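Keep in mind it's a predicted model, so treat the numbers as computed, not measured.
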Amino acid sequence: MDWWKLEARALHRVPELRRSLAAFAPTAAWRDLAKNVAPGWGCLLTLSNIASFTLPVVALLFLLSWVFGRNDVAPVGVAGLLAGVAALIAGIGIATELRESLGTDPKIHRMLGSLHLVPSAIGLLIAAGAIALGAADGVWGVGGLLADVIVGILHFLMFRGPAHTGSDRWQRSFSRLEAALDGMPPDERMRIYSDIQTALAGLRDRGLISREDFARARELRIGILGMTMAPREDLTPR
């Protein structure tokens with residue numbers, strides 16, 4: 001029985017509530033809950049994020065051109081500028097995720113962190129070697145490469161897993177969920193409650209859930225069905 005999908009379907013007409021609930025959902029249900037709830041500028045943000053993890057690779061390619069003898073001097077300034085822009089965009093993305101988290105899988109953040117950390121760290125080593133040899137153009141570019149390395153590390157440090165019960169981030173996510181629930185019109189609340197109760201009764205009658213689970217689930221208020229009946233294994237109290 002997929003409690004999360006049952007709740008997601010009941011909330012399909014309440015995007016703000018689905019958005020808030022997604023922070024507590026497992027990956028499979030997250031897709032259902034977060035569907036079509038991105039802000040209006042989400043497309044622009046997506047394009048910016050793509051640029052942010054592409055630019056460090058381009059910056060590294062510029063520096064590798066010096067390593068392989070295609071340039072007499074290492075274009076540290078150009079590479080640093082590209083990496084710095086990538087770090088700025090990624091930094092904005094991190095701030096947005098912390099403020100309006102959808103509970104994105106930590107694996108995605110680790111991947112994004114690697115796409116910043118690895119090329120920029122290699123680029124920083126190359127830039128340091130070029131500077132030591134007096135073959136660097138735009139020494140100031142080291143700052144941009146270093147900034148992108150730091151952003152990559154932040155992805156690993158700040159998104160190691162979901163917020164655990166009682167933590168500040170968990171409390172912020174739960175407060176957003178409570179606010180979304182409080183903002184629902186009474187008739188919408190009653191409609192959703194009725195839909196869930198009808199679905200639960202049907203599942204019980206077909207033997208898909210036990211009478212014990214039915215009795216427990218029907219007492220739960222809107223918004224906590226999934227997290228109560230099927231909590232994420234990595235979202236347990238500490």
Please round to the nearest 0.5 Å and tell me the distance separating atom [atom1] of [X] and atom [atom2] of [Y].
X	Y	atom1	atom2	answer
Trp4	Arg9	CH2	CZ	14.5 Å
Leu55	Leu115	CG	CG	12.0 Å
Leu64	Arg70	CG	CZ	9.5 Å
Leu203	Asp213	CG	CG	10.5 Å
Leu200	Leu225	CG	CG	6.5 Å
Arg218	Ile209	CZ	CD1	10.5 Å

Determine yes or no for a side-chain-to-main-chain donor-acceptor pair under 3.5 angstrom, with [X] supplying the side chain and [Y] the backbone.
X	Y	value
Trp66	Ala130	no
Arg216	Thr228	yes
Asn71	Val73	no

Is any side-chain heavy atom of [X] less than 4.5 Å from a side-chain heavy atom of [Y]?
X	Y	answer
Phe53	Asp148	no
Leu177	Met227	yes
Met184	Leu17	yes
Ser210	Arg204	no
Ile196	Leu6	yes
Leu60	Ile126	yes

task: Decide yes or no on salt bridge (Lys or Arg N to Asp or Glu O under 4.0 Å) for Glu178 and Arg221, but give the supporting numbers first.
output: CA-CA 11 Å; Glu178 293 281 351; Arg221 63 186 178 87; 2.7 Å; yes
task: List the steps and the verdict of salt bridge (Lys or Arg N to Asp or Glu O under 4.0 Å) for Asp187 and Arg191.
output: CA-CA 6 Å; Asp187 57 338; Arg191 180 193 65 78; over 6 Å; no
State, to 0.1 Å, how close [X] and [Y] come at their nearest heavy-atom pair, and which atoms those are.
X	Y	result
Lys5	Asp2	N-OD1, 3.0 Å
Ala83	Ala59	N-CB, 4.4 Å
Phe156	Arg110	CZ-O, 3.4 Å
Pro56	Ser120	CB-OG, 3.8 Å
Trp3	Ala217	CZ3-CB, 3.7 Å

message: Checking Val142 against Val76 for the side-chain contact (heavy atoms from CB on, under 4.5 Å) test, could you report, in this order, the C-alpha distance in whole Å, the side-chain angles of both residues, the deciding distance, and whether it holds?
response: CA-CA 7 Å; Val142 169; Val76 176; 4.1 Å; yes
- request: Report yes or no: do Leu145 and Leu125 belong to one cluster of Ile/Leu/Val/Met/Phe/Trp/Tyr joined by side chain heavy-atom distances under 4.5 Å?
  value: no
Hydrophobic cluster identity match, Leu220 and Met190, side-chain contacts under 4.5 Å: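 No.
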field: Full working for side-chain contact (heavy atoms from CB on, under 4.5 Å) between Val149 and His116
entry: CA-CA 6 Å; Val149 168; His116 286 277; over 6 Å; no
query: Within a reach of under 6.0 Å around CG of Asp72, are more than 12 heavy atoms found that belong to other residues, nucleotides or ligands?
result: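 Not more than 12 within 6.0 Å, no.
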field: Val85: which of Ile89, Leu88, Leu82 passes side chain to side chain contact (heavy atoms under 4.5 Å, CB included)
entry: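 Among the candidates, only Ile89 passes.
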